[in-house]
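We name chains A, B, ... by the order of the sequence lines, and we start the count at 1 in each one.
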Protein chains: 2
Amino acid sequence: MAASIEDVARLAGVSIATVSRALRGLPDVAAATRDRVLTAAAELDYVASPFAARLASGRTATVGVVVPFVNRWFFAEVIDGVEAALRKAGFDLLLYNLGDAEGRDRFFDVMPMRKRVDAVLIASLVLDDAEFEALGALSCPVGLLGLERPGFLSTRIDDVCGAQAAVRHLTSLGHRRIGLIGGDTDDPMSFTPPLRRRDGYRDALAEVGVDPDPALEVLGYFTIDGGGEAANRLLALPDPPTAIFAESDEMAYGAIRAVRRAGLRVPEDVAIVGFDDHVTAALMDLTTIRQPVTEQALDITARLLAVAAGDEANPTDVVLPTQLIVRGSTDPAASVA
Amino acid sequence: MAASIEDVARLAGVSIATVSRALRGLPDVAAATRDRVLTAAAELDYVASPFAARLASGRTATVGVVVPFVNRWFFAEVIDGVEAALRKAGFDLLLYNLGDAEGRDRFFDVMPMRKRVDAVLIASLVLDDAEFEALGALSCPVGLLGLERPGFLSTRIDDVCGAQAAVRHLTSLGHRRIGLIGGDTDDPMSFTPPLRRRDGYRDALAEVGVDPDPALEVLGYFTIDGGGEAANRLLALPDPPTAIFAESDEMAYGAIRAVRRAGLRVPEDVAIVGFDDHVTAALMDLTTIRQPVTEQALDITARLLAVAAGDEANPTDVVLPTQLIVRGSTDPAASVA
DNA sequence: CTGTTAGCGCTTTCAA
DNA sequence: TTGAAAGCGCTAACAG
């Protein structure tokens, strides 16, 4: 049987209150007393029962992390960063993976985080008002990664700006007929980037006086196959594009495959730009927009913890920079393959 | 303020004990009483405080999931599967990501799961005796995914057999000089596959009467770059291999890149086989060994929960099958690119 | 600086 | 089938 606080108190010859104070590093404990307690605790290999502590204190030392997927690059990176930051701060990480539309509905219906977390972190989910309200009912601070909303703490990149940079790169190369492969914003599991990246695409075209052509904007799943199918539709156009901006690297991979299967070359016949700087982007020689995922994760976690601790007053929105990485999929000279 | 069990009891006109029983679906509650309680609870939007319940019952309804990485394909898939299974069973998932050797030491030193989980799931970590002992001190069932140990519950694939199939495929194609790109088993973060896959490689060579050549076995990180560097060393050999077996798809990607950069063709000059059937393997046209990751995750989770619940007696070792997937990196005719 | 004591909100005997 | 009451192992006033 594991030792309890009473065992430690007895061994150290003090009260359980003193044990509690000493172990938590509270002030107003004599150094000698603290040492005795620490020694006794070490001897008994004692750790406080988190549940008893949580029940008594009301603090859970846990944050709920909500992601739509864990097995996609972006979210895996996010979890990695958040986990490290939480662990260092002594917080537990309760993971909620929505998985699909049904899982998402169930989640917001049941709100399984109720009464068990001190803070919630939402990663790149498009939330409707009812969902924001459900989150608010948790009455604990909520941090947003990859999206923003007035009154909420958030960290993100500027997707519009990133997409603009991607498409500007193509227009600067002389392309004028540029296809867009984007996420389906009607998908119940859609996350935030698609809307913004599309706006950036249109903005960059407008800068060079090109009117948006609806036929050049095709939507699909944020996956390799989704990108491949979308690219096929673009290539089948009577007047196909000379360049493609894919809203994610994975979609871009599918596009590269589709272009090659059509017997065309990248970038000579079709130039391709992705978004993310996925771990395999260099390998695929893909020009892309790098976004600092780990930095976003660390930033939002640190600030969320600060809010949960009562520091930091008003919720701010932090925007981290993106960066164009030119590789062989748009410029043979920049090829790393 | 959230409703407590007393509020529900008052509204339903019963004692808190009855509320507790009714809400948990215990027998010996009159149907009419149960209905009244359920109605009252719904009206107050009541959910039990998990910490109070855990403190009182001793059950945590939580399982700790320990992974060396979350941002690698295999582990992301594992977490995905485990999370779904746990959520369905009403369990919380506490995630522990070791990250690096230091994080790993800290983990086994502090044992942060102490007193907070009903079961532990370890994914593909090579554990030493001291670490197994530390896990045992948790005095809760431990499930192993991707490794086995007498006395422990486990689910895995047969890495030896999978690697044999990979290398047999190469020998059946006529290759005799086959390089191995493997994980460094001395890496403190090494996981289980490397040792076994190397054995399978040697076995398959022995089957065709080829003696192992130490120069053909090179080690590195389980990453794209690790595979690339290892392949470079193989290609620099006086008598380079005509085929390469990489112990993971990511290492195989690096090898493909290295071969191409050396001005050679895949598979004509160097055939390459990977292991995993990573999500991008089809895209890379890589021949590989498919392993059922989600199935492993679901299997071990279900059985671990059964043990934690007191069902299922003795810990068994379940081995799931692997499958050779032939693509263009070994056979031009099978190319999907 | 330290001890006493009253809970935190449940679950679980035990009795009725 | 239900209720009373005793904890579960801590934290947090409060008193000294």
ask   = Nearest nucleotide by nearest heavy atom, which residue falls closer to the 5' end of DNA chain C, B:Ser57 or A:Val29?
value = A:Val29
Assess whether a salt bridge exists between [X] and [Y], defined as any Lys/Arg side-chain N lying under 4.0 Å from an Asp/Glu carboxylate O.
| X | Y | value |
| --- | --- | --- |
| A:Arg156 | A:Asp317 | yes |
| B:Arg116 | A:Asp92 | yes |
| A:Asp45 | B:Arg114 | yes |
| A:Arg104 | A:Asp100 | no |

Considering only [options], which nucleotide approaches the side chain of [X] most closely?
| X | options | result |
| --- | --- | --- |
| B:Asp28 | C:dT2, D:dT1, C:dC10 | D:dT1 |
| B:Ala17 | D:dT11, D:dG3, D:dC10 | D:dG3 |
| A:Thr18 | C:dT11, C:dG3, C:dC8 | C:dG3 |
| B:Thr33 | D:dG9, C:dC10, D:dT1 | D:dT1 |
| B:Lys115 | D:dT1, C:dC10, D:dC10 | D:dC10 |
| B:Ser20 | D:dG3, C:dC10, C:dT11 | C:dT11 |
| B:Ser4 | C:dC10, C:dT12, D:dT1 | C:dC10 |
| B:Ile16 | C:dT11, D:dT11, D:dG3 | C:dT11 |

Rounding to a whole Å, what distance do you find between [X]:[atom1] and [N]:[atom2]?
| X | N | atom1 | atom2 | answer |
| --- | --- | --- | --- | --- |
| B:Phe51 | C:dG7 | CZ | C1' | 18 Å |
| B:Leu23 | C:dG9 | CG | P | 16 Å |
| A:Ile5 | C:dG3 | CD1 | C1' | 13 Å |
| B:Leu55 | C:dT12 | CG | P | 12 Å |
| B:Arg10 | C:dG9 | CZ | P | 12 Å |
| B:Glu6 | C:dG7 | CD | P | 12 Å |
| B:Leu44 | C:dG9 | CG | P | 15 Å |

query = Distance check: side-chain N/O of A:Arg24 vs OP1/OP2 of D:dT11, anything under 4.0 Å?
reply = yes
query = Distance check: side-chain N/O of A:Ser15 vs OP1/OP2 of C:dT2, anything under 4.0 Å?
reply = no
message = Under 3.5 Å, is there any donor-acceptor pair linking the side chain of A:Arg21 to the base of C:dG3?
response = yes
message = Quick check on DNA chain D: between A:Val47 and B:Ala30, whose nearest nucleotide comes earlier from the 5' end?
response = B:Ala30
request  = Name the nucleic acid region contacted by B:Arg59, choosing base, sugar-phosphate or nothing; use a 4.0 angstrom heavy-atom cut-off, strictly under.
outcome  = sugar-phosphate
query = Does A:Arg72 make a cation-pi contact with A:Phe74 (under 6.0 Å, within 45 degrees of the axis)?
reply = no
key: Criterion ring pair (Phe, Tyr, Trp, His ring centres under 6.0 Å) on B:Phe152 and B:Phe132, from CA distance to verdict   = CA-CA 10 Å; B:Phe152 283 80; B:Phe132 270 113; 5.1 Å; yes
